[in-house]
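Contents: one structure, followed by commentary.
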Protein chains: 2
Amino acid sequence: MSQELNTIRASFVELAGSATQSFGAGRVIGQIFAHLYLCREVQSLDDLTEALGISKGSASMSVRQLEQWGALKKVWKKGDRKDYYEATEDWGKFMRKAMLDSIAQHMERTEEVLRQTDVLLKQSDPQVCKEELKFVKKRIKRFTQFKERVQWVWDKVMLGMLMK
Amino acid sequence: MSQELNTIRASFVELAGSATQSFGAGRVIGQIFAHLYLCREVQSLDDLTEALGISKGSASMSVRQLEQWGALKKVWKKGDRKDYYEATEDWGKFMRKAMLDSIAQHMERTEEVLRQTDVLLKQSDPQVCKEELKFVKKRIKRFTQFKERVQWVWDKVMLGMLMK
DNA sequence: TGCGGCGTTCATTATGTTTTGAACGTATCA
DNA sequence: TGATACGTTCAAAACATAATGAACGCCGCA
């Protein structure tokens with residue numbers, strides 16, 4: 001086996017690992033995907049465990065996550081009880097899911113807070129802290145505009161990446 | 001002081017805190033920015049430690065980071081030895097820096113790996129693992145294309161957000 | 001039905017990250 | 001010059017998160 005190929009795989013595994021890590025999806029997910037992406041042969045759980053130096057439990061859970069993301073295909077070999085895996089060619093599908101997973105609920109949470117804020121502002125006595133109230137309203141309006149711009153961009157980005 | 005306003009501030013502080021946290025910038029940075037963003041009065045370090053229930057050290061370091069990002073202005077009160085802070089109105093400047101901080105070096109690292117990969121592939125003996133080599137080259141090419149698309153989009157996003 | 005090989009689970013452990021706060025340096029004022 | 005009130009630093013502690021691996025259940029086969 002070529003030394004160069006192994007070095008290349010190692011860099012990719014590390015790179016993808018730290019990418020998924022920083023999206024809050026865990027290092028192992030990225031490592032497994034990258035490894036499979038650069039392996040022509042389908043790989044069993046044990047192969048992954050050995051190649052990446054991770055535990056079986058970790059491999060099992062991450063593989064399932066990747067499968068749910070559709071970044072992975074399970075391959076059956078007849079007469080063999082092991083499951084084998086191969087990566088889809090589509091790196092985009094993998095990264096997109098990793099990012100969505102971590103960002104979508106931030107968006108939702110933000111909307112929730114803005115809704116709640118609206119309710120509270122309507123409840124508040126307009127005679128109390130008049131200036132402060134005006135100030136806060138102005139700032140929240142400004143933030144809302146910002147958030148809408150972000151969301152617009154985000155949707156465009158996602159859309160753009162979804163259609164390859 | 002209106003109860004509603006305090007509730008609103010608390011939600012925003014929490015929201016921004018978890019946002020910056022997930023960008024790897026630490027929770028406190030977001031909390032401080034959000035608090036200042038909704039405070040008409042400039043705030044001292046002590047004000048921040050009390051309002052947010054954080055330590056002075058933590059406040060000091062986060063404030064400095066925010067200042068470097070230009071998300072914060074230091075305000076001098078004459079005859080007062082304390083430093084006071086106020087948020088810029090520009091929520092975008094804050095989020096943008098937080099995101100850039102965490103993503104820019106991923107981009108760079110990716111380019112570095114691709115460059116190194118190129119070198120290694122050229123070094124490798126074309127007679128060894130011929131099929132495997134072909135496979136890896138194809139996959140890396142595909143990844144490179146994906147990465148270029150991402151970068152293009154990213155630049156557009158950033159550009160779009162930079163011009164308000 | 002019992003056995004062996006497999007994937008899965010989850011309490012425990014290990015790891016990495018953030019926060020704290022005591023100690024420190026500095027500036028101001030009497 | 002000494003006392004005081006700041007902001008800053010960084011080793012240590014607290015905390016949050018991810019990984020481990022022993023125990024488990026399941027399935028196919030003899």
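Source: prediction; values computed, not measured. Letters A, B, ... mirror the listed sequences (proteins, then strands); counts begin at 1.
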Nearest-nucleotide check on DNA chain D, G24(A) vs D83(B); residue mapping nearer the 5' end is D83(B)
Throw together a table of side-chain donor-acceptor distances under 3.5 angstrom for residues 25-39 of chain B, partners on residues two or more places apart or in other chains.
residue	atom	partner	partner atom	Å
H35(B)	NE2	Q43(B)	OE1	3.1
Y37(B)	OH	R139(A)	O	2.8
Y37(B)	OH	F143(A)	N	3.4

So what does G79(A) hit on the nucleic acid, given a heavy-atom distance under 4.0 Å: a base, only sugar-phosphate, or nothing? nothing
Among the nucleotides dT19(C), dG7(C), dT20(C), which one has an atom lying closest to any side-chain atom of K82(A)? dG7(C)
So V63(A), base contact, sugar-phosphate only, or nothing? Heavy-atom distance under 4.0 Å. nothing
When hydrophobic residues are tied together by side-chain contacts of less than 4.5 Å, even through go-betweens, does W154(B) share a cluster with L15(A)? yes
What is the nucleic acid contact for G53(B), judged by heavy atoms within less than 4.0 Å: base, sugar-phosphate only, or nothing? sugar-phosphate
Closest-nucleotide ordering on DNA chain C, the 5'-leading residue of K74(A) and R27(B): K74(A)
Quickly work out the L52(B) CG to dT18(C) C1' distance and round it to whole Å. 15 Å
Between R142(A) (side chain only) and E89(B) (backbone N and O only), is there a donor and an acceptor less than 3.5 Å apart? yes
Span of DNA chain D, from the first to the last nucleotide whose atoms fall under 4.0 Å of chain B heavy atoms: dT4(D) to dC10(D)
Distance, rounded to the nearest Å, where Q31(B) contributes CD and dT18(C) contributes P: 13 Å
Heavy-atom pair of closest approach, residues A87(B) and L72(B): CA-CD1, 4.2 Å
Phosphate contact (dG7(C) OP1 or OP2) by R81(A) side-chain N/O below 4.0 Å: no
Side chains of K141(A) and Q145(A): do they bring a donor and an acceptor to under 3.5 Å? no
Base, sugar-phosphate alone, or nothing: which one does D46(A) contact when heavy atoms must sit under 4.0 Å apart? nothing
Report yes or no: do T49(A) and D46(A) form a side-chain donor-acceptor pair below 3.5 Å? no
Just how far, in rounded Å, is P of dG21(C) from NZ of K56(B)? 13 Å
For the pair made of CZ in F23(B) and P in dT18(C), what is the distance, rounded to whole Å? 14 Å
Please state how far atom CH2 in W76(A) lies from atom P in dC6(C), giving the value in whole angstrom units. 13 Å
Rounding to a whole Å, what distance do you find between R64(A):CZ and dC10(C):C1'? 12 Å
Taking C-beta and beyond as the side chain, do K147(A) and E111(A) meet within less than 4.5 Å on heavy atoms? yes
Does M61(A) or Q21(A) map to a spot on DNA chain C nearer the 5' end, using the closest nucleotide for each? M61(A)
